[in-house]
Amino acid sequence: MQDLHERILRAHGGESRWRSLARVAATADGGGSMFLAHMQPRPLREADIVVEPARFRVTIAPFEREDRVGVFEPRRVWVQERDGRLVGERGAPGTVTRSLRHWMVWDNLDLLFVLGISLWQALLLPMMLCRSGVTATQGSDQDNWLDVTLPGDLPVPAPEQRLHADAKGALVRAEYAPVAWGRTMRVAQLMESLEGVNGLVFATRQSLVPCFPGGAPVRGMPRLAWLEFSDLSVELAEPPPRE
């Protein structure tokens with residue numbers, strides 16, 4: 001039987017095409033109870049987002065106000081006017097997630113850090129499986145899951161994740177314990193509504209919900225977070241070889 005790691009990559013467009021990805025852009029909407037609980041009730045409203053894997057960068061416009069842009073990088077987040085004038089910035093933003101204040105309220109730079117990691121995970125998970133240094137352990141054929149450990153330089157909510165795929169290899173769920181939450185709670189990222197764009201396949205509707213101790217997602221409760229993508233476009237660095 002074909003290795004599940006390989007089947008997942010093939011179901012989402014193939015390893016060579018993901019390796020050649022230079023840029024993905026989309027219109028994004030998002031929210032959820034975890035944002036509401038931190039005084040950020042609706043963080044994304046028809047925002048134009050751009051993810052650039054080689055630069056480890058996510059850009060969100062508008063951010064805060066119509067005339068401002070938010071930029072995420074793992075070691076720095078900043079807000080600027082559309083003409084490039086800097087409004088505010090924070091270095092080493094991940095360290096803030098361990099502060100007491102962060103558990104109570106998110107300021108705009110906290111929000112930018114959380115959104116950057118969330119968008120990176122939501123759009124680039126298949127690409128991250130192509131990285132050198134990834135370790136993967138496959139479950140039984142009946143379970144159709146893959147335990148992965150991702151390299152530490154990737155801006156993801158948790159380096160250790162359990163990925164569930166359907167019979168064709170398309171990702172339907174990722175389970176993990178977010179580092180920013182102290183690994184005290186396990187969550188499930190649910191992926192729906194697949195869309196192919198320039199040969200790559202993305203889940204355009206995603207939700208984050210709590211997990212039961214055994215790993216099953218808790219349903220029927222307000223979602224911790226949700227993301228919806230439309231108007232996706234993809235740029236490849238070079239034409240990939242045929243799979």
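In this chain, residues are counted from 1 in sequence order.
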* Please answer whether the main-chain N or O of E66 pairs with a side-chain N or O of R82 as donor and acceptor at a distance below 3.5 Å. => yes

* To do: Determine the minimum heavy-atom distance between A170 and A11, stating which atoms define it.
  => N-CB, 3.6 Å

* Asked: Taking Q206 for the side chain and A203 for the main chain, is one N or O donor matched with an acceptor at less than 3.5 Å?
  -> yes

* Does the side chain to side chain contact (heavy atoms under 4.5 Å, CB included) test come out yes or no for L200 and V24, once each step is laid out? -> CA-CA 10 Å; L200 297 178; V24 56; over 6 Å; no

* Given the rule that I, L, V, M, F, W and Y join up when any side-chain heavy atoms are under 4.5 Å apart, are M128 and L171 in one cluster? -> yes

* Check: R19 side chain, C130 main-chain N or O, donor-acceptor pair, under 3.5 Å -> yes

* Asked: Donor-acceptor pair, R219 side chain versus M221 backbone, under 3.5 Å?
  -> no

* To do: Determine the interplanar angle of the F35 and W106 rings, folded into 0 to 90°, and report it as parallel if under 30°, tilted if 30 to 60°, perpendicular if over 60°.
  => perpendicular

* How about D107 and R90: do any of their side-chain heavy atoms sit closer than 4.5 Å? -> yes

* Once you round to the nearest 0.5 Å, how far does OG1 of T59 lie from CD of E52? -> 5.5 Å

* **Heavy-atom closest contact (N144 atom, A165 atom, distance)** => ND2-O, 2.9 Å

* Contact summary for L9 and P126, nearest pair of heavy atoms -> CD2-O, 3.2 Å

* Within 6.0 Å of CZ in R205, more than 12 heavy atoms from elsewhere -> no

* Would you name the heavy atoms of P155 and F72 that are closest together and state the gap between them? => CB-CZ, 3.7 Å

* Establish whether L109 and L111 are linked, either directly or via other cluster members, by ILVMFWY side-chain heavy-atom contacts under 4.5 Å. => yes

* For side chain to side chain contact (heavy atoms under 4.5 Å, CB included), just list the numbers for W78 and E73, CA-CA rounded to whole Å, side-chain angles, deciding distance to a tenth of an Å, and then say yes or no. => CA-CA 9 Å; W78 69 95; E73 292 179 356; 3.7 Å; yes

* Please answer whether the main-chain N or O of L146 pairs with a side-chain N or O of H5 as donor and acceptor at a distance below 3.5 Å. => no

* Asked: Which heavy atom in P43 sits nearest to a heavy atom in G31, and how many Å separate them?
  -> CD-CA, 3.7 Å

* Please lay out, stage by stage, how V148 and T135 fare under the test side chain to side chain contact (heavy atoms under 4.5 Å, CB included). => CA-CA 6 Å; V148 299; T135 61; over 6 Å; no

* Asked: Distance-only, no hydrogens or angles: does the H12 side chain make a donor-acceptor pair with backbone N or O of V201 under 3.5 Å?
  -> yes

Side-chain donor-acceptor pairs of residues 115-122 under 3.5 Å, sequence neighbours excluded:
| residue | atom | partner | partner atom | Å |
| --- | --- | --- | --- | --- |
| S118 | OG | V114 | O | 2.8 |
| Q121 | OE1 | Q161 | NE2 | 3.1 |
| Q121 | NE2 | Q161 | OE1 | 2.9 |
| Q121 | NE2 | Q189 | OE1 | 2.9 |

Solution key, residues 226-237 side-chain donor-acceptor pairs under 3.5 Å, sequence neighbours excluded:
| residue | atom | partner | partner atom | Å |
| --- | --- | --- | --- | --- |
| E235 | OE2 | R23 | NH1 | 3.4 |

* Contact summary for A22 and P53, nearest pair of heavy atoms -> O-CD, 3.3 Å

* Drop me the distance from I49's CD1 to L44's CG, to the nearest 0.5 angstrom. => 8.5 Å

* Output the distance between atom CD (E15) and atom CD1 (I8), rounded to the nearest 0.5 Å. => 12.5 Å

* **L150 and V134, any side-chain heavy atoms less than 4.5 Å apart** => yes

* **Same apolar cluster: L124 and V197, side chain cutoff 4.5 Å** => yes

* Between the side chain of R42 and the main-chain N/O of G30, is any donor-acceptor distance below 3.5 Å? -> yes

* Would you check if the side chain of D29 reaches a backbone N or O of E46 as a donor-acceptor pair within less than 3.5 Å? => yes

* Out of curiosity, R57 CZ to R76 CZ, how far, rounded to the nearest 0.5 Å? -> 8.0 Å

* **V179 side chain reached by P159 side chain, heavy atoms, under 4.5 Å** => yes

* Roughly how far, to the nearest 0.5 Å, is the OH atom of Y176 from the CG atom of L163? -> 10.5 Å

* Carboxylate-amine/guanidinium contact R65 D67, below 4.0 Å -> yes

* Take F56 and L154, measure what side chain to side chain contact (heavy atoms under 4.5 Å, CB included) needs, and give me the verdict at the end. => CA-CA 8 Å; F56 282 72; L154 293 174; 4.1 Å; yes

* Asked: Do the non-hydrogen side-chain atoms of L224 and M185 ever get within less than 4.5 Å of each other?
  -> yes

* Asked: Any chain of hydrophobic side-chain contacts (each under 4.5 Å) joining V187 to V172?
  -> no

* Asked: Within a strict 4.5 Å, meaning less than it, do heavy atoms of the E195 and F202 side chains meet?
  -> no

* Is the closest side-chain heavy-atom distance between R173 and L190 below 4.5 Å? -> yes

* To do: For W18 and L129, indicate whether the former's side chain and the latter's backbone hold a donor-acceptor pair under 3.5 Å.
  => no

* To the nearest 0.5 Å, what is the distance between CZ (R131) and CG (D153)? -> 4.5 Å

* Asked: Do V87 and V71 belong together in a cluster built from hydrophobic side chains that touch within less than 4.5 Å?
  -> no

